[in-house]
Q: 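Following this message is one structure expressed as structure tokens.
A quick note: this is a predicted structure, and the numbers were derived from the prediction, not measured.
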Amino acid sequence: MASGELTSGAYIKHHLQNLTYGKFPDGHWGFAHTSEEAKEMGFMAVHVDTLGFSFVLGALFLFLFARAAKKASIDAPSGFQNFVESIVDFIDENVRGSFSGKNPMVAPLALTTFIWIILMNTMDLVPVDWLPSLFHAMGVEYLKVVPTTDPNATFGMSIGIFILILYYSVKEKGLGGFLGELTLHPFGKWMLPANLFLEGVNLLAKPVSLALRLFGNMYAGEMIFILIALLPFWIQWSLSLPWAIFHILIVLLQAFIFMTLVIVYMDMAHQKEH
Amino acid sequence: MNINLTLIGQTIMFAMFVWFCMKFVWPPLVETMAARKKSIEDGLKAAELGKEEHALAQKNAEDLIETSKTQAAEIIANADKQAVVMIDNAKGAASEEADKIKAQAKSELDQEVTKVRNELKDQVSTLVMQGVNSVLDKEVDSKTHKDMLSKLSKSL
């Protein structure tokens, strides 16, 4: 527990509050000291912890993989090189299996989402109090270490995917083709409003479900870790260890699902015939 | 849990990461892996080819050894045959020669015998003539009885 005098509710609330930097209602910018202050800032605020951790993890991923790419030679790979290549192979296989179009961007996109999400999710396995306590000692009031428990991060990614879906749908099918797909199916042109409604929901559900699925899984997992952390310290391991082991599965599975759906959505955006 | 500018920040960050990955991470890795795959395939193919060549060479060598063996056996057999023939020939020639020598020796011997006999005849006839001469003295003309004497000597 962060400190003895905190109630359980306050402890949980504290753990679920991002480190927010934004514009106060009176116009000046600064860190929010309470959840209420953060809420009052509205849209004109950023979660410094989410941005920071996700940037560090993404940069770590790209640094390691770019170094491996630079060192890659046709001689037998070893160690980390081998690991990187097996992941690349895995992604390549998935893309080949699910994506029928020709687009050199899809595979790197899948690789980036997969590894980045794994790294962000893995932050969940760091005991919930370590990093917040460490940063608290340095004067940082709030810290949420798992970027994927922040809907801003998951929606940020899924909006990026949504933009790509729209872009490639229009590029591959033409604006008319894309609009036709939205309005002329599944009931034919006399039921245009119904078609538009159904296809519109279908289209919008893609980014929303992507983001909410990842967010929900990770948020719930984090929540359970926080609840376990409320128990007496000598019994915590008996629950946190099994949950952490199970959570490894969720970490990988959610990243894999996200990646697979990205590939499938990109494939659908590239298909000319409905 | 509030939706705010972080959303846009995360989207931009995501786009940057994907761009970087697409530019500097994915292509070199995939190219290297493809190149390695190709080199391994080539190596395997070359090994297969080498294996085939080796098998072929071995077969050729075996064939060569086999033919050499048969040839050697033939040569030995021929040589044996030839030796037998030569020995036979030599035997024949030797016995012929021996026969010749024997015949020659025999004819020489015959000649000698004849010669000696003739000489003996002559001597005997001379002796007879001398005897007769001494007995008959001049009564018998040697010229007149020469024919008779020579007949006599021939009948000896």
Q: Measure distances from B/Ala35 to the heavy atoms of chain A and classify the residue's part below 4.5 Å as side chain, backbone, both or neither.
A: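 When you check distances to chain A, atoms from both the backbone and side chain of B/Ala35 fall under 4.5 Å.
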
Q: Hey, which of A/Pro77, A/Gly22, A/Pro104, A/Gly42 has the most heavy atom pairs under 4.5 Å with chain B?
A: A/Pro77

Q: Kindly compute the distance separating CG (B/Asn2) from CZ (A/Phe43), expressed to the nearest 0.5 Å.
A: 11.5 Å

Q: Using heavy-atom distances under 4.5 Å, tell me whether B/Met33 contacts chain A through its side chain, its backbone, both, or neither.
A: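 Answer is side chain: those atoms of B/Met33 sit under 4.5 Å from chain A.
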
Q: Applying side-chain contact (heavy atoms from CB on, under 4.5 Å), run through B/Trp26 and A/Asp92 and close with a yes or a no.
A: CA-CA 10 Å; B/Trp26 186 266; A/Asp92 200 38; 3.6 Å; yes

Q: In terms of heavy-atom pairs under 4.5 Å with chain B, which of A/Ala72, A/Gly160, A/Ala38 leads?
A: A/Ala72

Q: Might you point out which heavy atoms bring A/Pro151 and B/Ile3 nearest each other, and give the distance in Å?
A: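 Taking every non-hydrogen atom into account, CB-CD1, 4.1 Å.
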
Q: Does B/Val25 reach the side chain of A/Lys70, with side-chain heavy atoms less than 4.5 Å apart?
A: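 They are not in side-chain contact.
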
Q: So, taking the atom named CE in A/Met105 and the one named CH2 in B/Trp19, what distance separates them when rounded to the nearest 0.5 Å?
A: 14.0 Å

Q: Could you tell me which non-hydrogen atom of A/Ala59 sits nearest to which non-hydrogen atom of B/Phe17, and how far apart they are?
A: N-CZ, 3.8 Å

Q: Between A/Ser73 and chain B, with a heavy-atom cut-off of 4.5 Å, which part of the residue counts as in contact: side chain, backbone, both or neither?
A: backbone

Q: Can you tell me how far CG of B/Leu5 sits from NE2 of A/His47, rounded to the nearest 0.5 angstrom?
A: 10.0 Å

Q: With only heavy atoms counted, which part of A/Pro147 is less than 4.5 Å from chain B, the side chain, the backbone, both or neither?
A: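 For A/Pro147, there is no contact with chain B at all, as no heavy atom is under 4.5 Å.
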
Q: Using distance alone, with no hydrogens and no angle criterion, decide if A/Ser54 and B/Gln10 have a side-chain donor and acceptor under 3.5 Å apart.
A: yes

Q: To the closest 0.5 Å, what do you measure between CZ (B/Phe24) and CZ (A/Phe63)?
A: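 It comes to 15.0 Å.
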
Q: List the residues meeting side chain to side chain donor-acceptor pair (under 3.5 Å) with B/Thr6, not counting sequence neighbours, and say none if there are none.
A: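 Checked B/Thr6 against side chain to side chain donor-acceptor pair (under 3.5 Å); matches are B/Asn4.
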
Q: Return the minimal non-hydrogen interatomic distance between A/Ala69 and B/Pro28, and the atom names on each side.
A: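 Reported closest heavy-atom pair: CB-CG, 3.8 Å.
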
Q: When rounded to the nearest 0.5 angstrom, what is the spacing between CG in A/Asp89 and NZ in B/Lys37?
A: 8.5 Å

Q: Please state whether the side chain, the backbone, both or neither of A/Leu62 comes within less than 4.5 Å of a heavy atom of chain B.
A: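 Contact with chain B: backbone and side chain both.
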
Q: Please find the pair of heavy atoms, one from B/Phe14 and one from A/Trp116, that lie closest to each other, and give the distance.
A: CD1-CZ3, 3.5 Å

Q: Are there more than 12 heavy atoms of other residues, nucleotides or ligands under 6.0 Å from atom CD of B/Glu52?
A: yes

Q: Tell me if the CZ atom of A/Phe31 is crowded by more than 12 foreign heavy atoms within 6.0 Å.
A: yes

Q: Would you please test A/Met157 and B/Leu7 for side-chain contact (heavy atoms from CB on, under 4.5 Å) and show each step?
A: CA-CA 8 Å; A/Met157 266 190 290; B/Leu7 185 71; over 6 Å; no

Q: Check whether A/Val48 gets within reach of chain B through its side chain, its backbone, both or neither, counting any heavy atom under 4.5 Å.
A: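 For A/Val48, there is no contact with chain B at all, as no heavy atom is under 4.5 Å.
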
Q: Near B/His54 NE2, under 6.0 Å, is it more than 12 heavy atoms from other residues, nucleotides or ligands?
A: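 No, because the 6.0 Å sphere around NE2 of B/His54 holds 12 heavy atoms or fewer from other groups.
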
Q: Taking all non-hydrogen atoms of both residues into account, name the closest pair between A/Gly156 and B/Thr11 and its distance.
A: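 For A/Gly156 versus B/Thr11, the nearest heavy atoms are O-OG1, 3.0 Å.
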
Q: In terms of heavy-atom proximity below 4.5 Å to chain B, should A/Asp75 be classed as side chain, backbone, both, or neither?
A: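 Just the backbone, heavy atoms under 4.5 Å.
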
Q: What part of B/Ile8 lies closer than 4.5 angstrom to a heavy atom of chain A: side chain, backbone, both or neither?
A: side chain

Q: More than 12 heavy atoms of other residues, nucleotides or ligands under 6.0 Å from CZ of A/Phe80: is that the case?
A: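 Atom CZ in A/Phe80 is crowded, with more than 12 foreign heavy atoms closer than 6.0 Å.
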
Q: Report the distance from atom CD1 of A/Ile159 to atom CD1 of B/Ile12, rounding to the nearest 0.5 Å.
A: 11.5 Å

